[in-house]
Structure formats: C-alpha cells, structure tokens
Colleague: 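Following this message is one structure expressed as structure tokens.
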Amino acid sequence: MAARDGLAAEVRRLKEERDAVILAHNYQVPEVQDMADYVGDSLGLSRRAAGAPQSTIIFCGVHFMAETASIISPEKRVLIPDAEAGCSLSESVTAADVRAWKEEHPGAVTVGYVNTTAEVKAELDYCCTSSNAAAVVSSIPREKEVLFLPDMFLGSYVARVTGRSNIRIWAGECHVHAGITPAQVEEVMSGAGASELLVHPECGCTTPMMYDAASGGYGGRTVSILSTEGMMRRAAESTSRSFVVATETGILHRMRRQNPGKRFTPASEAAECQYMKMITPEKVRDSLLHGRHEVRVPAGIADRARAAITRMLEIG
Ligand code: 13P
Ligand code: SF4
C-alpha cells in the first residue's frame, strides 16, 4: 500500500514537472484509471487530448487511440506507456485492403471505426466511434453506397438503426467482444436476476439482441447498446439496481465506484483485453520519466486521416 501511494505521488510530481496530462480508457486496470486526469471512451479521450492545455499526453489505452490523439494534436507530444499495446480489430484491415475495396465500389462513401491504424484512416471519408457511428452514417445521403469497416457487429448494428440496405460491411471483429455470446448473456442475466443489460456494439451478442433492443427490451428487461462512456451514463441515470454488462471487464471498476448502491455483473469474466492490460502504473511512471514511447504519424498520412476524424467530430 505504501509502495503504491509512493508511486502515485511520484506520478503526480512528474506530471507537473513534465507539463503532462494522463488520459485513460475505461478498460485500463483500476490502478491506472485511478492515476488518470480523465477516464473515458475513445471519442471522449480524443476530445480531451485536443482540448488539453498540457504539452504532453500520456495515453493509457491502445496504439490506435494514441495515434488518433497525435493526429488531432500534432503540436503535442503523445506518449504510450507500452508500445506493444495493439488491437486485434485494428489489425483486421490494412490500407491496401481499403484501397482495393474502394476500387471495387467506385462512388461509395467509406466509414471506418476509430479502431484502425492511421494509414487506414487516411483512406477514409469518415471516421466514427461506437458512440456516433449511427449519426455519421445517417449524415450520408441515403442514395450513396456505404463501405463500413472493420467491425461487422458494429456495422450490422448501424445498418439496423439507420435502416440502410446499401451498406457493405467488412468482416472484422474484436476477439474480446466477439466471444460474448447471446447464450452466455442469457445465462448470466437469469443467474444475476438483473433487470437491465448494457451491451457494447462490438459484441457477438449484439446482432441477435438488437431487434429486442430496438423494441426497448429483451425478455421483459431493458437493453441498451452503447459505447463504453454511454454505458457509464446509463448506469448512473437508470433507476435499475442490477445490471449485466457485456463488454471488457475493466469498465466495472469505475461503474461500481460511481454507483455504490447498484450491482454490476460481467456478461463474461473472460472478456479481458490483454492489450489494454499491458499498461501498468510502473510503465506510466517510466513513460513520464523517460519520455517513452512517443507516437508520431508521418505528416502526409496524418493530414489525410485528420480530415476523416474532423468530419466525424463535426457531426457529433
Ligand atoms: P469505446 O469507443 O466505446 O470506448 O470502445 C473502444 C474499444 O476499443 C472497444 O473495444
Ligand atoms: Fe481492440 Fe478489442 Fe481490445 Fe477494444 S477490446 S482495444 S477492440 S482488442
């Protein structure tokens, strides 16, 4: 305990000395969330990175998120405490794949999830996150064909809520979320006696459940399909006392702390992202101390990727 307090104090001191802000994603380990100045979802973190007055951003998340922060704020130094913190979903599509797909569908509008590399973003018309994907697709004239990548569960959710049939979806998935099945959710819901279900749209259980969600319920219980920060808001605002949470388990730390009277049960205890968990308090300290690992995007790619991100930020 004393060692942990000592480390937290050292991080606070270094942060001041280095003019740094610590941003952490909702899936980070509790100790890293607790030392962050802001914890949130990918959209919220991008916005915070852009608005932060500090010159250095310590990005506690995965590589594509730190890259996005660097693209939006090229004048800032963005550091990720572990350069190996990747994302299986962002690896599921390359820039060459996107170019070939666009050639097959000339005139189509490309929309890509923020979980992509900077090189892929540079090929897109629009970027989106889980919290604004439907709004971004809705903003595109209805007669235009849409190429949506790389997450197939998020893509079919967006097709459903926007009512679009002219949307082609890349067959990518996140191994953590794809592993959360409808049968598992059903079993945990019954066992926990929960009245409400919170689902991330990357989950494998999303597609069969979204018909129930669209009609407001799932076996008489409330279902909400939301980004991680949307889940946080719903947990606070809902009058339900017991929730099943279908996403990476890191979010439960903040949910439980901010809602002490409510019960939160993970849909799957196994839903852990090993990349998110690579960031530790010691690596955050070392990142501040030694200025590592800097994330930089070549200017030509960053400029093109920024255009897709800016179009998203203008929509919401
Ligand atoms: P959010 O944008 O909802 O935070 O999700 C990002 C992510 O990587 C989910 O796995
Ligand atoms: Fe990528 Fe999945 Fe981890 Fe999110 S949970 S960062 S999508 S591997």
Colleague: Check R233 with E229, please: is the shortest side-chain N to carboxylate O separation under 4.0 Å?
Modeller: no

Colleague: Can N26 and H253 be said to form a side chain to side chain donor-acceptor pair (under 3.5 Å), step by step?
Modeller: CA-CA 9 Å; N26 285 316; H253 170 64; over 6 Å; no

Colleague: Are side-chain N/O atoms of T247 and Y27 paired as donor and acceptor at under 3.5 Å?
Modeller: yes

Colleague: Using 0.5 Å steps for rounding, measure from the CG atom of D97 to the CG atom of L149.
Modeller: 9.0 Å

Colleague: Please determine if K283 and D286 form a salt bridge, counting it only when a charged side-chain N lies under 4.0 Å from a carboxylate O.
Modeller: no

Colleague: Just checking, is any N or O donor in the side chain of T56 or D19 under 3.5 Å from an acceptor N or O on the other one?
Modeller: no

Colleague: Tell me if a side-chain donor or acceptor on K121 pairs with a main-chain N or O of T116 at a distance below 3.5 Å.
Modeller: yes

Colleague: If you draw a 6.0 Å radius around CD in E84, do more than 12 non-hydrogen atoms from other residues or ligands fall strictly inside?
Modeller: no

Colleague: Could you verify whether a donor N or O on one side chain and an acceptor N or O on the other, from Y113 and E202, lie under 3.5 Å apart?
Modeller: yes

Colleague: Determine, using the 4.5 Å side-chain heavy-atom cutoff (strictly less than), whether V93 and L147 are members of one ILVMFWY cluster.
Modeller: yes

Colleague: I'd like to know whether E119 forms a side chain to side chain contact (heavy atoms under 4.5 Å, CB included) with T94, so could you lay out the CA-CA distance, the side-chain angles of the two residues, the decisive distance to 0.1 Å, and finally the verdict.
Modeller: CA-CA 8 Å; E119 289 78 9; T94 66; over 6 Å; no

Colleague: Hey, does the side chain of N259 reach the backbone of K262 with a donor-acceptor pair shorter than 3.5 angstrom?
Modeller: no

Colleague: Checking side-chain polar atoms at under 3.5 Å, does Q274 have a donor or acceptor matched by the opposite partner on H175?
Modeller: yes

Colleague: Please check if the side chain of E248 supplies one atom and the backbone of C273 the other of a donor-acceptor pair under 3.5 Å.
Modeller: yes

Colleague: Test your reading of the model: is there a side-chain donor-acceptor pair from W170 to the backbone of S92, 3.5 Å cut-off?
Modeller: yes

Colleague: Which distance, rounded to the nearest 0.5 Å, do you find between the OG of S224 and the CE of M231?
Modeller: 9.0 Å

Colleague: For the CG atom of N166 and the CZ atom of R142, what is their distance to the nearest 0.5 Å?
Modeller: 7.5 Å

Colleague: Carefully, step by step, assess R164 and V158 under the rule side chain to side chain contact (heavy atoms under 4.5 Å, CB included).
Modeller: CA-CA 8 Å; R164 273 184 108 110; V158 167; over 6 Å; no

Colleague: I'd like to know if L23 and I80 are part of one continuous hydrophobic network [Ile/Leu/Val/Met/Phe/Trp/Tyr, side-chain heavy atoms within less than 4.5 Å].
Modeller: no

Colleague: Evaluate the criterion side chain to side chain donor-acceptor pair (under 3.5 Å) for residue pair D41 and S227; output intermediate values, then yes/no.
Modeller: CA-CA 7 Å; D41 64 2; S227 73; 3.1 Å; yes

Colleague: Working to the nearest 0.5 Å, report the span between OG1 of T117 and NE2 of H63.
Modeller: 10.0 Å

Colleague: Are E123 and R99 within salt-bridge range, i.e. N to O under 4.0 Å?
Modeller: yes

Colleague: Does the K102 side chain pair with the main chain of T110, one donor and one acceptor, at a distance under 3.5 Å?
Modeller: no

Colleague: Are any side-chain N or O atoms of S73 and backbone N or O atoms of E75, one a donor and one an acceptor, separated by less than 3.5 Å?
Modeller: no

Colleague: By the definition side chain to side chain contact (heavy atoms under 4.5 Å, CB included), identify the one residue from I309, V295, T310 that meets it with I71.
Modeller: I309

Colleague: Would a distance-only check, ignoring hydrogens and angles, find a side-chain to backbone donor-acceptor pair under 3.5 Å from R168 to V146?
Modeller: no

Colleague: State, yes or no, whether a side-chain contact exists between M276 and H25 at a heavy-atom distance under 4.5 Å.
Modeller: yes

Colleague: What distance do R256 atom CZ and I251 atom CD1 have between them, rounded to the nearest 0.5 Å?
Modeller: 11.5 Å

Colleague: Verify the cluster assignment for V185 and L226: are they in a single hydrophobic cluster under the rule of side-chain heavy atoms below 4.5 Å apart?
Modeller: no

Colleague: Would R48 and Y38 count as a cation-pi pair here, with the cationic atom under 6.0 angstrom from the ring centre and within 45° of the axis?
Modeller: yes

Colleague: One thing to verify: whether R221 and E196 come together as a salt bridge, which I'm taking to mean a side-chain N less than 4.0 angstrom from a carboxylate O.
Modeller: no

Colleague: I want to check something: taking the side chain as every heavy atom from C-beta on, are H200 and T228 in contact at a cut-off of under 4.5 Å?
Modeller: yes

Colleague: Using modelled atom types and a 3.5 Å cut-off, is there a donor and acceptor pairing between side-chain atoms of Q33 and backbone atoms of Q28?
Modeller: yes

Colleague: Are L7 and R4 side-chain neighbours, meaning at least one heavy-atom pair lies under 4.5 Å?
Modeller: no

Colleague: Are I57 and M278 joined in one hydrophobic group, where the rule is that I, L, V, M, F, W and Y side chains link up if heavy atoms are under 4.5 Å apart?
Modeller: yes

Colleague: Check for me, please, whether M35 and V39 land in the same ILVMFWY cluster - side-chain distances under 4.5 Å, paths through other members count.
Modeller: no

Colleague: Side chain to side chain contact (heavy atoms under 4.5 Å, CB included) for Y275 and D82? Distances and angles first, verdict last.
Modeller: CA-CA 9 Å; Y275 304 111; D82 189 323; over 6 Å; no

Colleague: I want to check something: taking the side chain as every heavy atom from C-beta on, are I279 and V284 in contact at a cut-off of under 4.5 Å?
Modeller: yes

Colleague: So F264 and F243, would you call those rings parallel, tilted or perpendicular, with 30° and 60° as cut-offs?
Modeller: parallel

Colleague: Around atom CD of E187, are there more than 12 heavy atoms of other residues, nucleotides or ligands at under 6.0 Å?
Modeller: no

Colleague: Any sub-3.5 Å donor-acceptor pair from R292's side-chain atoms to S287's backbone N or O?
Modeller: no

Colleague: Between atom CG of L313 and atom OG of S46, what is the distance when rounded to the nearest 0.5 Å?
Modeller: 7.0 Å

Colleague: Are the side chains of C174 and N115 in contact, using a 4.5 Å heavy-atom criterion?
Modeller: no

Colleague: How about C60 and I58: do any of their side-chain heavy atoms sit closer than 4.5 Å?
Modeller: yes

Colleague: Do R257 side-chain atoms and L252 backbone N/O form a donor-acceptor pair below 3.5 Å?
Modeller: no

Colleague: Between K277 and E272, does at least one N-O distance fall below 4.0 Å, as a salt bridge requires?
Modeller: no

Colleague: Checking V62 against M65 for the side chain to side chain contact (heavy atoms under 4.5 Å, CB included) test, could you report, in this order, the C-alpha distance in whole Å, the side-chain angles of both residues, the deciding distance, and whether it holds?
Modeller: CA-CA 6 Å; V62 293; M65 295 181 179; 4.1 Å; yes

